[in-house]
Amino acid sequence: MPEENQKTELKNQRLDPHDPFVLDAHRLARRPGSMLKVVRTVPAPADLGLEVIGVPEGADVELNLKLEAVVEGVLVSGTARAPLAGECVRCLDPLTDEVEVDFAELFVAPGNDGDDETLWLQDDLIDLEPVVRDAVVLTLPLQPLCEEDCPGLCAQCGAVLRDDPDHDHSEVDPRWAALEGLVSTDEQPDD
């Protein structure tokens, strides 16, 4: 199915008011200037992250939100906080962390102008999952490290270099073996 048809199909899906990421803006009554604060904890959806680090599926995502009615629709701003799990890209040790992101998005009411990137109110319902997903994924490190100076693994044997800082392989590439004799000759004291 072409990507454009998938986008259109997703936009035409009705929102489920029982979905934890769906907010009901009905109480704002579309009166510009009215405001509503929402604090809730929702389970993380699947695939909230990158290949090497992300929010585990089902982990608690804490949302602290402010919904403000504006002329065009509803402005949603707030923070999302969630635990992270992944692995160091150098030594492959598991690592945990926490992510906290701020976001603000305008959900436009039907009847206003918009384009393909516009987020729309659907029957006064707001789907916050794509907003949280974009904010979290854009914040995650592309190459997470357990420590800033993690030495990683030995390229020859896979040993963890942090555990053995003096780790070394004395094997010399046979193409360079002749040069090894020159180095040892140079190191002998002159007579």
Side-chain angles (χ1 to χ4, degrees), residues 1-89 95-145:
M1 178 181 295
E3 185 175 326
E4 196 62 36
N5 288 344
Q6 287 179 336
K7 285 182 178 179
T8 302
E9 187 174 304
L10 288 174
K11 287 180 181 177
N12 292 333
Q13 288 181 344
R14 308 237 357 132
L15 293 178
D16 177 6
H18 303 293
D19 185 313
F21 276 97
V22 173
L23 304 172
D24 188 355
H26 182 76
R27 290 192 297 170
L28 292 173
R30 295 192 185 176
R31 290 183 312 225
S34 58
M35 186 181 75
L36 181 67
K37 289 190 175 186
V38 176
V39 177
R40 68 168 61 169
T41 302
V42 299
D47 300 326
L48 183 55
L50 306 172
E51 285 184 32
V52 290
I53 193 165
V55 179
E57 184 176 355
D60 288 344
V61 178
E62 298 173 20
L63 301 173
N64 192 350
L65 308 168
K66 183 167 67 173
L67 285 64
E68 298 172 82
V70 295
V71 173
E72 299 87 6
V74 176
L75 177 65
V76 179
S77 58
T79 61
R81 182 183 320 179
L84 293 176
E87 60 186 24
C88 175
V89 294
L95 59 89
T96 58
D97 202 351
E98 187 175 282
V99 64
E100 182 172 333
V101 293
D102 296 325
F103 55 86
E105 288 290 341
L106 175 66
F107 288 82
V108 178
N112 289 298
D113 293 334
D115 57 24
D116 289 344
E117 302 298 321
T118 301
L119 299 170
W120 296 96
L121 281 172
Q122 292 182 16
D123 299 328
D124 287 331
L125 296 178
I126 295 169
D127 184 8
L128 204 57
E129 183 178 333
V131 174
V132 171
R133 181 178 299 279
D134 288 349
V136 168
V137 170
L138 289 174
T139 303
L140 297 177
L142 295 175
Q143 297 187 343
L145 299 172

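Remember, it's a predicted structure, so these values are computed and weren't measured experimentally.
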- Item | Exam field: side chain N112 to backbone E72, donor-acceptor pair closer than 3.5 Å | yes

- Query: Is D47 close to R133 at the side-chain level, that is, under 4.5 Å between some pair of heavy atoms?
  - Reply: yes

- So CG of D123 and CZ of R14: to nearest 0.5 Å the spacing works out to 4.5 Å

- Query: Judged by atom type as modelled, is there a donor-acceptor pair below 3.5 Å linking the side chain of D24 to the main-chain atoms of H26?
  - Reply: yes

- Backbone of D16 reached by a side-chain donor or acceptor of D19 within 3.5 Å: no

- Message: Minimum heavy-atom separation for L95 and C88, please, with both atom names.
- Response: CD2-N, 3.4 Å

- Side chain proximity check, V108 to L119, heavy atoms < 4.5 angstrom: no

- Note on the structure: Rounded to the nearest 0.5 angstrom, the CD1-CG distance for I126 and L121 is 5.0 Å

- Message: Taking atom CD as the centre, does E98 end up with more than 12 heavy-atom neighbours from other residues, nucleotides or ligands that are less than 6.0 angstrom away?
- Response: yes

- Note on the structure: Tightest non-hydrogen contact, residues L140 and I53, listed as CD1-O, 3.7 Å

- Task: For the residue pair V38 and L63, establish whether any side-chain heavy-atom pair is separated by less than 4.5 Å.
- Result: no

- One should read off an interatomic distance between L128 CG and F107 CZ, to the nearest 0.5 angstrom, of 5.5 Å

- Starting at CG of L48, measure out to CD of E57 and round the result to the nearest 0.5 Å. 10.0 Å

- To the nearest 0.5 angstrom, please state how far the CD atom of E68 sits from the CG atom of L106. 10.5 Å

- Task: List the atom of P20, the atom of R40, and the distance in Å for their closest heavy-atom pair.
- Result: O-NH1, 2.7 Å

- Message: Using 0.5 Å steps for rounding, measure from the CG atom of L145 to the CD atom of E87.
- Response: 12.0 Å

- Message: If we check side chain to side chain contact (heavy atoms under 4.5 Å, CB included) with V74, which of these qualifies: L23, L28, L36?
- Response: L28

- Query: Are P83 and T96 side-chain neighbours, meaning at least one heavy-atom pair lies under 4.5 Å?
  - Reply: no

- Item | Taking every non-hydrogen atom, the tightest pair across P45 and F21 | CD-CE1, 3.7 Å

- Heavy-atom nearest pair, V131 first then F103, reads CG1-CD1, 3.6 Å

- Task: Write down the atom of V61, the atom of A80, and the distance for their closest heavy-atom approach.
- Result: CG1-CB, 4.4 Å

